[in-house]
Colleague: 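Pasting in a structure now, in structure tokens, and then I'll have a few things to ask.
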Amino acid sequence: MNQEKNNMKLTKLELSWVLYDVGNSAFTLLVSTILPIYFNALADEAGVSSTDYLAWWGYAASIATLLVAFIGPVFGTFSDQKGKKKPVFIIALLVGAAGCASLAFSGSWIVFLVIFIIAKTGYSSSLVFYDSMLTDVTSPERMDNVSSKGYAWGYIGSCIPFVISLVFVLMQESLGISMKMAIMIALFINTGWWLLMSVPLLKNYRQIYYVEAGETNQIAATFRRLGQTFKELKKHKNIFVFLLAFFFYIDGVYTIIEMATAYGQSLGLDTTGLLLALLLTQIVAFPFALLFGRLAARIDNTKLIKVCILAYFCIAVFAIQLDKQWEFWLLAVAVGMFQGAIQALSRSYFARIIPPEKSGEFFGIFDICGKGASFMGTALMAAMTQITDNASAGVGILSVMFIIGFLLFGKAAALNRER
């Protein structure tokens, strides 16, 4: 019966939720491809070295994560109150979209990084509320399937604005426009796509699970409830240990996603080849995310998550010695095979083990180390690169994070079975 439900077509509400993944994934792809190249050009004009450029890009991503580390749990808890989830989601969405469009007007690498931090903070914050909506838009037995389809269609859908943007960026001389104008057009295209794909969710979403506000001072109540949630984590060891595991392995995943283009450029690889390889990652990720969603109907998703973590460990080890274009292409295919699966299965796994009426506050904690975060990974990779003056050494640290994540996830799965 559960298998039949997982194979059913998406409902109107589930489809609306999936479409936001299609929209926001355009920003994710932009951040991992075109934006680092543009930032590299700005930094190069200012005389910033390639290793420092990679480090500064990593530090900017880490600062955005620290901001979301505060915003996520606090406003996630606030959004659990009746009628609050959609308004705070809209605010985060608009901040992210406005920041994305504003990057077109940055004239220096420092200004660019400041605006990027704002845009990424808005984007990552919107995902806290978006992920927590999963408990409202579908049933527990359909979560793996719906979550996987969100990532799958997000990957393939984001290719549409990306390919259009790529035409302007790679053919800017033939089109008779400057690179700055090409980047500006790309930013506007992706911002428009993000906003357009958000409309169905804004129109159809209704908050089902919530907690009553109770107190007049809602801000004080939010902090009290958040403090209570952290205390409750001691009682829910299965949730606590999973969050620790998730912090390590997903941090490594998102560091690879965010730093791939910057890493390739620091090694002197061809820019066009890097962009096309990462486009291939999106295309490969689409069928494999759907495949893992179907496999989850037949195989315990804890086993599938373990497979994905081990695969990423192998990817990180392989990346240490990477110095050729074809190796980057091979890496792009490998990442695409497991990227959507590990994200989707982790999201649905977590949604099933938390109280649904507190999904906002729990997903606020989840997203501290979740999608787009990569605080520790980017910071360690940036620091190791600067210390050793070797980008490959920075990548090597990620393999350790995957091993720690794998061991902790095994412990979390065992605790969950005991409950």
Side-chain angles (χ1 to χ4, degrees), residues 31-33 36-37 39-40 49-62 65 245-271 273-282 284-285 288 305-343 369 372-409:
V31 168
S32 61
T33 54
I37 293 172
F39 172 65
N40 185 27
S49 69
S50 60
T51 51
D52 283 340
Y53 140 75
L54 181 65
W56 280 111
W57 185 252
Y59 290 141
S62 298
T65 298
F246 185 70
F247 176 81
F248 280 97
Y249 74 75
I250 210 68
D251 226 16
V253 170
Y254 284 111
T255 299
I256 289 175
I257 294 172
E258 286 199 14
M259 304 296 283
T261 302
Y263 178 57
Q265 280 209 307
S266 71
L267 296 175
L269 301 183
D270 176 62
T271 298
L274 294 177
L275 292 175
L276 293 176
L278 290 168
L279 175 60
L280 178 62
T281 296
Q282 302 297 106
V284 172
F288 274 91
I305 292 173
K306 286 181 179 179
V307 168
C308 292
I309 297 173
L310 288 176
Y312 261 99
F313 167 76
C314 295
I315 288 170
V317 172
F318 178 77
I320 295 173
Q321 57 79 52
L322 189 151
D323 60 358
K324 298 179 181 66
Q325 198 80 34
W326 71 265
E327 291 178 333
F328 192 88
W329 280 82
L330 181 61
L331 193 71
V333 172
V335 169
M337 290 172 63
F338 299 98
Q339 181 173 289
I342 196 168
Q343 294 173 92
C369 48
S374 60
F375 160 65
M376 186 168 67
T378 52
L380 287 175
M381 184 174 173
M384 187 67 74
T385 298
Q386 280 194 317
I387 292 170
T388 63
D389 198 29
N390 186 342
S392 296
V395 174
I397 198 70
L398 300 182
S399 60
V400 178
M401 295 173 65
F402 288 120
I403 289 296
I404 296 173
F406 180 84
L407 295 174
L408 287 173
F409 181 74

Colleague: Quick one: pull up CZ in Phe248 and CD1 in Ile309 and give me the separation to the nearest 0.5 Å.
Modeller: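 Atom-to-atom, Phe248:CZ and Ile309:CD1 are 12.5 Å apart.
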Colleague: Search all heavy atoms of Gly336 against all heavy atoms of Val284 and return the closest pair with its distance.
Modeller: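 Looking at all heavy atoms of both residues, the shortest contact is C-CG1, 3.8 Å.
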Colleague: Does the Thr281 side chain pair with the main chain of Ala332, one donor and one acceptor, at a distance under 3.5 Å?
Modeller: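 Present.
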Colleague: Output, in order, the C-alpha distance, side-chain angles, deciding distance and verdict of side chain to side chain contact (heavy atoms under 4.5 Å, CB included) for Val31 and Trp57.
Modeller: CA-CA 10 Å; Val31 168; Trp57 185 252; 4.2 Å; yes
Colleague: When Phe313 is tested against each of Phe402, Phe318, Phe406 for side-chain contact (heavy atoms from CB on, under 4.5 Å), which residue passes?
Modeller: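 Single pass found, and it is Phe402.
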Colleague: Show your working on side chain to side chain contact (heavy atoms under 4.5 Å, CB included) between Val400 and Ile403 and close with a plain yes or no.
Modeller: CA-CA 5 Å; Val400 178; Ile403 289 296; 5.7 Å; no
Colleague: To the nearest 0.5 Å, what is the distance between NZ (Lys306) and CG (Leu407)?
Modeller: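 Rounded to the nearest 0.5 Å, the NZ-CG separation comes to 10.0 Å.
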Colleague: Apply the test side chain to side chain contact (heavy atoms under 4.5 Å, CB included) to residues Tyr312 and Tyr249: give CA-CA distance (whole Å), side-chain angles for both, the deciding distance (0.1 Å), then the verdict.
Modeller: CA-CA 9 Å; Tyr312 261 99; Tyr249 74 75; over 6 Å; no
Colleague: Work out which heavy atom in Ile250 is nearest to a heavy atom in Gln343; give both atom names and the distance.
Modeller: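 So the minimum-distance heavy-atom pair works out to CD1-CG, 4.3 Å.
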Colleague: Can you tell me how far the CZ atom of Phe247 sits from the CD1 atom of Ile404, to the nearest 0.5 Å?
Modeller: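 Reported value, rounded in 0.5 Å steps: 10.0 Å.
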Colleague: Hey, what do you get for CD1 (Ile305) to CZ (Phe409), rounding to the nearest 0.5 Å?
Modeller: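 That separation rounds to 3.5 Å.
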Colleague: How would you list, by chain and number, every residue that makes a side-chain contact (heavy atoms from CB on, under 4.5 Å) with Ala285, sequence neighbours excluded?
Modeller: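 Here the qualifying residues are Tyr155.
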Colleague: Calculate, to the nearest 0.5 Å, the distance between atoms CG and CG belonging to Leu280 and Leu331 respectively.
Modeller: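 The distance works out to 11.0 Å.
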Colleague: Could you tell me which residues satisfy side-chain contact (heavy atoms from CB on, under 4.5 Å) with Ala334, sequence neighbours excluded, listed by chain and number?
Modeller: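 Listed in chain order: Ile315.
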